[in-house]
Q: 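Pasting a structure below so you can have a look.
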Amino acid sequence: MKKIINQPAEFVPELLEALFKAHPDQLSYQDDVHSVVRTDSPIKGKVGLATGGGSGHLPVFLGYVGTGMLDGCAVGDVFQSPSAEQILSITKRIDSGKGVLYIYGNYGGDVMNFDMSAEMAEMDDIQVRTVLVKDDVASAPPEEAARRRGVAGMVFAFKIAGAKADQGASLDEVAAATEKALANIRTMGVALSSCTVPVVGKPTFSIGDKEMEIGMGIHGERGMKREKLQTADEITERMTDAILADLQPGAGDRLAVMINGLGATPLEELYVMYGKVHEILAEKGIIVYRPYIGEFATSMEMAGASFTFFKLDDELIELLDAPAHTPFFTQL
Amino acid sequence: MKKIINQPAEFVPELLEALFKAHPDQLSYQDDVHSVVRTDSPIKGKVGLATGGGSGHLPVFLGYVGTGMLDGCAVGDVFQSPSAEQILSITKRIDSGKGVLYIYGNYGGDVMNFDMSAEMAEMDDIQVRTVLVKDDVASAPPEEAARRRGVAGMVFAFKIAGAKADQGASLDEVAAATEKALANIRTMGVALSSCTVPVVGKPTFSIGDKEMEIGMGIHGERGMKREKLQTADEITERMTDAILADLQPGAGDRLAVMINGLGATPLEELYVMYGKVHEILAEKGIIVYRPYIGEFATSMEMAGASFTFFKLDDELIELLDAPAHTPFFTQL
Amino acid sequence: MDNSIIFKGADVAAALIRVGDALISQREHLTDLDQAMGDGDLGITTSKTGEALKAYASDTLSGDDLGKYLSAAGMKVNSAAPSTMGTLLATALMRAGKEVKGRSELDGPALATMLQAAYQGMMERGKAKLGDKTILDALGPAAVAFNNALDEGDDLPTAGDKMIFAAEEGLAAVTPLRSQIGRASWVGERTEGLVDPGCAALVIILQAIVNG
Amino acid sequence: MDNSIIFKGADVAAALIRVGDALISQREHLTDLDQAMGDGDLGITTSKTGEALKAYASDTLSGDDLGKYLSAAGMKVNSAAPSTMGTLLATALMRAGKEVKGRSELDGPALATMLQAAYQGMMERGKAKLGDKTILDALGPAAVAFNNALDEGDDLPTAGDKMIFAAEEGLAAVTPLRSQIGRASWVGERTEGLVDPGCAALVIILQAIVNG
Ligand SMILES: Nc1ncnc2c1ncn2[C@@H]1O[C@H](COP(=O)(O)OP(=O)(O)O)[C@@H](O)[C@H]1O
Ligand SMILES: Nc1ncnc2c1ncn2[C@@H]1O[C@H](COP(=O)(O)OP(=O)(O)O)[C@@H](O)[C@H]1O
Ligand SMILES: [Mg+2]
Ligand SMILES: [Mg+2]
Ligand SMILES: [Mg+2]
Ligand SMILES: [Mg+2]
């Protein structure tokens, strides 16, 4: 896949510098361009919310820093964890005294660096709690759900945490709401083509012209199965069934449904899949409370999509419905 | 390029049916799923605003139907004009008595069908005016600007027209504001890969692994030149210089700048390009009043980008700043 | 067939079906031509047009008024294939139909008038001029040649052949030129030497009408 | 070299540079291994680690305190390459350094303690256990083998060779197994029979340390 880039090694710093030029009212950095924070942080009386992870997934991660969502994000190189130091510097900046919640995907490098940062933050008397996102049903069976990786479902976690924190809730309360949300969030993805990490310069995996990889991760992690490319309806049924089997919603349940493009798949195709999801859910008496159709968590130029289902109750609906505004995501 | 679709011929009706399932509060149709209107149309006391064109460009065209922007959109098959009948049916639905303004891209098929619809609407005593979008500087030299095709710049035209119409302006006033906006809007694009029309099933053009097409149109129309792929900075300079030569803004002028992804190009790369645009403009004393970075007008899975510059004055700024909300575009 | 041949509804319907078949069978060829200088959709447009014509001619009784019959065919074509070429062909049908409103039979002179009206209609709808390298550059000379042949006393088959020959000559004459209007005009000098896809489609249509 | 060999700051710096060079030169190989069962970034991580080690060892005086010197090297590695392997290697350096805080010279037993501490540190940081098919499965046996060899009176070169051999044996022992932790664990049974990239990196590092 061809890229519009300069020096591969400068890719992330260049995009971050452009980000601060584009959105100076909303975003600035602390110590290092990789440590992105809300310009108005710390927000008095509010728990600080931080995330982080590798680049290459925009709008994830930094795209959710803004009103009603996150306060800071530590940005790693493409598909690489940020360093403990970078995480620590946003932690210090966004703490208003009410503590900081880390919400990020369950990846080894990220876990270790966030943990190191948390240890250092505690030495500075900043209270830190961590909620890991592990929503990808394709990455481990239910009995090993703790091993699952975190993918697009984190966007809903950010949304819920942000709304809860905005209500003035305590660190423990925000963590509890976020954990409750994540217990009701499941994702699964399919990839049709690979992405290419700029400094590597070759596709992460190769895939035939008529093949697809069901259960693909967002860094090119292999999925459950390499198969013949199927129709939109067949793919949609497969993924919907797998998520429903895991999440087990019942008739009358309300779901937020995210149909997320991984990068190269047109919005038109996402809508075609949504149509089928809607139909399958309707047949089971399950209600789509709110659809989110677009690119929310990408793998650069990967073709493919992920579905995230989020089972809601009244409390979660109130939090999901709260307005949010970041340079990449606006909800009225 | 692989697609997630069912029967190619059903692609557009399927996506439209999904659209109405996803956004029933905001969008509905008149007579035929291809005739998309605001659910609350006609809006009393407001000029009706309609657009239309082929599918495959989401969010263009139908994505801009909503509060503060358009009232209706006639949707053609992929890259095909809608029919005169489909246009006529939205025209009748959105007219509140103040007349209807057609705003769409300068493509032969669209022009003929909108003209036919306008002739029929007049027989029903609906006043219709037309403003053609011709913003692509790569499609003809300045002295033949009337021949130029309409691309991403139409999004700004929709925005200005929508805000003006919301002020209660007359059909002529809305048309005049839209024309004024378009006189200050210029676009240019670059493609790195082709798109594939589903029913055709093969790429519209072939392009080498190390080539790019400068000045590409959004349906795969050939550009000005097939060249060796350059760096992000070089590409950005080329496109920026070409637009500036045509638009001729001066030091102190304020621009809205759109860096638009054509489909497969990651947001990260769009930001890298924005960084360079910002730098070039700053060197000339030109101010970016508002950046728009993302996918606003695509060519399905084409890799590449377009830049649109929109020279603003106080009146245009007021209209650009007005809030808008559609299922695909929200501005506070 | 000679100059006194008269076409009735069944003949017109058969001609629509022949045109439909020809447009469908030439789909790939027209797509290739349009990929070279346009957006590669012409084959889709013509095959949708062809399907619409065939469905219409099979499902609809031509009745007493061939003018109405042809105009309604034009409406169908516009709904089925509303791109440039589809809309122009729809316009041609509607305008040709208008010329023979109320008639249940068509003779040579009627066909000549219809051809001229189709040409006029396309010109008004598309606002192109001769030499812009469009379908007009094949249709214009074809309409003139057909009319002249009849005036000179040729029989219908001969006039038909002259019409096709003129269309082919028109196509050839503009091939070296640069497209001046529509999508191809954006390709600029790269269109020089390429066959205009619309001209090619017109030749296919005329051949299908004549070779019945 | 025999058991009484003592390493000073310059020796440690030279070892860091050798490790750096080896990690950089094996970039492609490690990338390939990690593409087969992970995300293909291990070569990038190790070469960034290598660059950071070389820059650090060239720019920083080792001074009197080799413990501090190594811990600071760990901090640099974490900043330069904060992915799983980079963070584990950073942790190893920091924990090894902690063991020899204040010392300006290192002998065999010190090295054995450092190796054990590195292993412990990685285990605590990454929360993996032996048999999960990670770098621990090469480092654990290597640390034990080195310590045992010294206990049994082997000289340093012999102990070093035994250490490398144990690491290679550890790598081979887990190759048939399924990865149980980290990114590779999501690949499941498809990892069976594939070499763990972290084990491979560890063998490269130990070889570079020993073969000075
Ligand atoms: N304004 C026009 N008037 C007449 N014919 C035109 C005009 N523009 C284009 N054409 C003809 O239409 C052909 C292309 O048809 P089509 O592929 O349907 O157009 P597009 O894809 O650009 O909508 C051209 O080869 C040319 O003959
Ligand atoms: N929790 C863990 N503890 C120890 N080693 C681990 C752990 N997770 C992964 N590893 C090792 O890290 C190697 C992969 O390193 P790296 O490519 O940096 O990881 P990633 O790309 O997943 O962040 C694996 O081959 C394995 O040896
Ligand atoms: Mg077309
Ligand atoms: Mg065409
Ligand atoms: Mg990694
Ligand atoms: Mg890896």
Side-chain angles (χ1 to χ4, degrees), chain A residues 1-7 11-12 14-19 21-23 55-56 58-59 63 78 190 192-193 195 209-210 212 229 231-233 235-236 263-276 278-279 288 291 293-295 298 300-301 303-305 325 327-328 330-332, chain B residues 1-7 11-12 14-19 21-23 55-56 58-59 63 78 190 192-193 195 209-210 212 229 231-233 235-236 263-276 278-279 288 291 293-295 298 300-301 303-305 325 327-328 330-332:
Chain A
M1 180 50 73
K2 290 182 282 187
K3 291 180 185 287
I4 306 182
I5 55 171
N6 296 305
Q7 287 304 313
F11 184 56
V12 173
E14 280 180 6
L15 88 86
L16 290 171
E17 272 151 32
L19 180 87
K21 283 179 186 162
H23 313 291
S55 294
L58 279 179
V78 174
V190 60
L192 272 61
S193 75
C195 52
D209 250 15
K210 296 198 166 105
M212 63 177 189
L229 182 60
T231 65
D233 282 353
I235 293 170
T236 302
T265 289
L267 253 175
E268 283 84 358
E269 296 176 24
L270 302 181
Y271 269 87
V272 168
M273 289 185 268
Y274 177 75
K276 187 71 185 173
H278 189 105
E279 182 190 315
V288 180
I293 307 167
E295 294 187 352
T298 63
M300 295 193 292
E301 66 282 328
H325 179 49
F328 295 76
T330 298
Q331 181 176 301
L332 299 187
Chain B
M1 178 51 71
K2 289 182 281 188
K3 292 182 185 286
I4 307 182
I5 55 173
N6 297 306
Q7 287 307 311
F11 184 56
V12 173
E14 281 181 6
L15 88 85
L16 290 171
E17 271 151 30
L19 180 86
K21 283 180 186 161
H23 313 291
S55 293
L58 279 180
V78 175
V190 61
L192 271 61
S193 75
C195 52
D209 251 15
K210 292 194 166 110
M212 62 178 189
L229 181 60
T231 64
D233 283 353
I235 293 170
T236 303
T265 289
L267 253 176
E268 285 82 359
E269 296 177 24
L270 301 181
Y271 269 87
V272 168
M273 288 186 270
Y274 176 75
K276 186 71 185 176
H278 189 105
E279 183 190 314
V288 180
I293 306 167
E295 293 186 352
T298 63
M300 296 193 290
E301 66 281 327
H325 179 48
F328 295 77
T330 298
Q331 181 176 300
L332 299 186

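Quantities reported herein were computed from a predicted structural model and do not represent experimental measurements. Reminder, nothing fancy here: chain letters follow the sequence lines and each chain counts from 1.
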Q: Report which part of A:Glu295 has an atom under 4.5 Å of a heavy atom belonging to chain B: side chain, backbone, both, or neither.
A: side chain

Q: Answer with side chain, backbone, both or neither: which region of B:Ile293 has an atom nearer than 4.5 Å to a non-hydrogen atom of chain A?
A: side chain

Q: Among B:Val272, B:Leu58, B:Thr231, B:Ile235, which has the most heavy-atom pairs under 4.5 Å with chain A?
A: B:Leu58

Q: Checking A:Glu268 against chain B: side chain, backbone, both or neither under 4.5 Å from a heavy atom?
A: both

Q: Kindly give the heavy-atom pair with the smallest separation between A:Ile4 and B:Gly304, and that separation in Å.
A: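 It is CD1-CA, 4.5 Å.
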
Q: At a heavy-atom distance under 4.5 Å, which candidate from B:Thr236, B:Leu270, B:Asn6 has the highest pair count against chain A?
A: B:Asn6

Q: Residues in ring-ring contact (aromatic ring centres under 6.0 Å, His included) with A:Tyr271, at least two apart?
A: B:His23, B:Phe328

Q: For chain B, which candidate among A:Lys21, A:Glu279, A:Met300, A:Glu14 shows the most heavy-atom pairs at distances under 4.5 Å?
A: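 Among A:Lys21, A:Glu279, A:Met300, A:Glu14, the one with the most close pairs to chain B is A:Lys21.
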
Q: Only pairs of heavy atoms separated by less than 4.5 Å count here; which of B:Val190, B:Leu16, B:Asp233 has the most with chain A?
A: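 Ranked by heavy-atom pairs under 4.5 Å with chain A, first place is B:Asp233.
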
Q: Between B:Ala303, B:Ala232, B:Ala22, who has the most heavy-atom pairs with chain A when the cutoff is under 4.5 Å?
A: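 Going by pairs under 4.5 Å, I would pick B:Ala232.
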
Q: Are the side chains of A:Thr265 and A:Leu192 in contact, using a 4.5 Å heavy-atom criterion?
A: no

Q: With only heavy atoms counted, which part of B:Lys210 is less than 4.5 Å from chain A, the side chain, the backbone, both or neither?
A: backbone

Q: What's the separation between atom CG in B:Leu15 and atom OH in A:Tyr274, rounded to the nearest 0.5 Å?
A: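 Here the rounded value is 14.0 Å.
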
Q: Quick one: of B:Glu301, B:His325, B:His278, who has the most non-hydrogen atom pairs under 4.5 Å with chain A?
A: B:His278

Q: Report the residues that fulfil salt bridge (charged side-chain N to carboxylate O under 4.0 Å, His left out) with B:Lys2, sequence neighbours left out, ordered by chain and then residue number.
A: none

Q: Find the distance between CG (B:Leu229) and NZ (A:Lys3) and round it off to the nearest 0.5 Å.
A: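 The NZ atom of A:Lys3 is 11.5 Å from CG of B:Leu229, to the nearest 0.5 Å.
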
Q: Examine whether an atom of A:Leu267 lies under 4.5 Å from a heavy atom of chain B, and if so say whether it belongs to the side chain, the backbone or both; otherwise answer neither.
A: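 Its backbone and side chain both get close to chain B.
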
Q: If we define contacts as heavy-atom pairs under 4.5 Å, which of A:Gly56, A:Gly263, A:Pro59 has the most with chain B?
A: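 Option with the top pair count is A:Gly56.
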
Q: Checking heavy atoms, do the side chain of A:Ile5, its backbone, both or neither come under 4.5 Å from chain B?
A: both

